[in-house]
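Order of the sequence lines sets the chain letters (A, B, ...), proteins ahead of strands, with each chain counted from 1.
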Amino acid sequence: MRLVTWNVNSVSARLPRVLELLAAEAPDVVCLQETRVSSDAFPHLPLAEAGYQAVGHGLGGRNGVAVLARDDHVLEPVCTGLPGEPRPDEARWVEADVDGVRIASVYVPNGKAVDAPEFAGKLAFLEAMAERAGELVASGAPVVIAGDVNVCATDADAWDIAALHGGTHATPQERERLALTTAAGYTDAYRAIHPDEPGFTWWDYRGLAFPRGEGLRIDQVLLGGGLDVALADARVLRELRKGHKPSDHAPLLAELTG
DNA sequence: ATGACTTGCTATGCAAGA
């Protein structure tokens, strides 16, 4: 199974690049974040023409998540929303089963600034995610949690830890709470394959951040329920951060055997 | 050139992203 996670910063604005990804990599599963469309307005038709079915969860405007599966798989919607999340109206979590593998696409809140009320909401969301992650592995089925976790797990995940706006994304509070999910029995796929590479997945649109290499590794594929032994490769699809109208995130691809 | 933000909306400027 080839699984991609990608924060697209609007699936409508990014549709040509999403179709480019599907044509170039033919992934089995794609988790999208920041789709920024309501579930009703999700672009099912052009994706179907490209050979993909989708479960979208969104309320328009901001946020929104989705799971795509290639047509030769069975995609079954499971649930939307994360039990215990502070803002269920923000559409940041969706689960679907693909050939019996549970897939969760997640968009963790940004948190804005350490002293902002949104920061406490981010911490609460990360706690709810860890809780759900534990439930999922306890069910015994293989599970993938993939998405924009909006946290640099270590200093190696940022080009300049001192430059992070408002001090967010690398605080001990955020890291401890993200670590609750991995402690529940998940493997960070990219780090498992590349222990010493930055693996950045996001670069600011401003200030030539991408060509300067000023990025963050804030998107992750987390493997649970025994899927870690199937991990064969993981890589950042940097080509999609280049060219016409890119997202500010690059897709992250994980390859699993079987 | 990997090239100096981008998106959708409380819209014609603004907040938010990280």
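- Here dA15(B) presents its C1' atom at 12 Å from CZ of Arg206(A), a figure rounded to the nearest Å.
- Judged by atom type and distance alone, Arg36(A) reaches the base of dT7(B) through a side-chain donor-acceptor pair under 3.5 Å.
- Within the nucleic acid shown, His249(A) comes within 4.0 Å of sugar-phosphate atoms alone, with no base atom in reach, counting heavy atoms only.
- Neither side chain, Tyr52(A) nor Asp28(A), offers a donor N or O lying under 3.5 Å from an acceptor on the other.
- In this structure, Asp248(A) places its CG atom 9 Å from P of dT7(B), rounding to the nearest Å.
- Closest to the side chain of Pro211(A), out of dT2(B), dG17(B), dA4(B), is dT2(B).
- Residue Asp204(A) is out of contact with every strand shown, counting any heavy-atom pair closer than 4.0 Å.
- The separation between Phe210(A) atom CZ and dT6(B) atom P is 14 Å, rounded to whole Å.
- Leu216(A) comes within contact range of the sugar-phosphate backbone alone, with a heavy-atom separation under 4.0 Å but no base atom that close.
- For Asn63(A) and Arg36(A), the side-chain atoms include no donor-acceptor pair closer than 3.5 Å.
- Between the CD atom of Glu214(A) and the P atom of dA4(B) there is a distance of 14 Å, given to the nearest Å.
- Put simply, CG on Leu164(A) is 15 Å from P on dG17(B), counting in whole angstrom units.
- Straight-line distance between the P atoms of dA15(B) and dA11(B): roughly 13 Å, to the nearest whole Å.
- Look at Lys245(A) and you won't find any side-chain N or O under 4.0 angstrom from OP1 or OP2 of dT6(B).
- Following rounding to the nearest Å, Phe119(A) (CZ) and dA16(B) (P) show an atom-to-atom distance of 17 Å.
- If Ser12(A) and Asp148(A) are placed on DNA chain B by their nearest nucleotide, the residue sitting closer to the 5' end is Ser12(A).
- Here the P atom of nucleotide dG17(B) and the CD atom of Glu34(A) are 8 Å apart, to the nearest Å.
- Asp219(A) and His249(A) share a donor-acceptor pair across their side chains, judged by distance under 3.5 Å alone.
- Going from the P atom of dC9(B) to that of dA4(B) covers 25 Å, rounded to whole Å.
- Contact annotation for Asn7(A): backbone-only contact, meaning every heavy-atom pair under 4.0 Å involves sugar-phosphate atoms and none involves a base.
- Side-chain contact, Gln33(A) with Ser105(A): a donor N or O sits under 3.5 Å from an acceptor N or O.
- Of the C1' atoms belonging to dT12(B) and dT7(B), the separation is 15 Å, rounded to the nearest Å.
- The CG-P distance, from Asn63(A) to dG8(B), rounds to 13 Å in whole Å.
- Closest contact between the side chain of Tyr205(A) and the listed nucleotides dG3(B), dT6(B), dT7(B) involves dT6(B).
- Under the 4.0 Å criterion applied to side-chain N and carboxylate O atoms, Asp248(A) and Arg206(A) are not assigned as salt-bridge partners.
- Judged by distance alone, with hydrogens and angles left aside, the side-chain atoms of Glu174(A) form a donor-acceptor pair with the main-chain N or O of Thr171(A) at under 3.5 Å.
- Among the nucleotides dG8(B), dG17(B), dG3(B), the one closest to any side-chain atom of Ala13(A) is dG8(B).
- In terms of phosphate contacts, Arg14(A) brings a side-chain nitrogen or oxygen within less than 4.0 Å of OP1 or OP2 of dT7(B).
- Taking the P atom of each, dT10(B) and dA16(B) are spaced 13 Å apart, rounded to whole Å.
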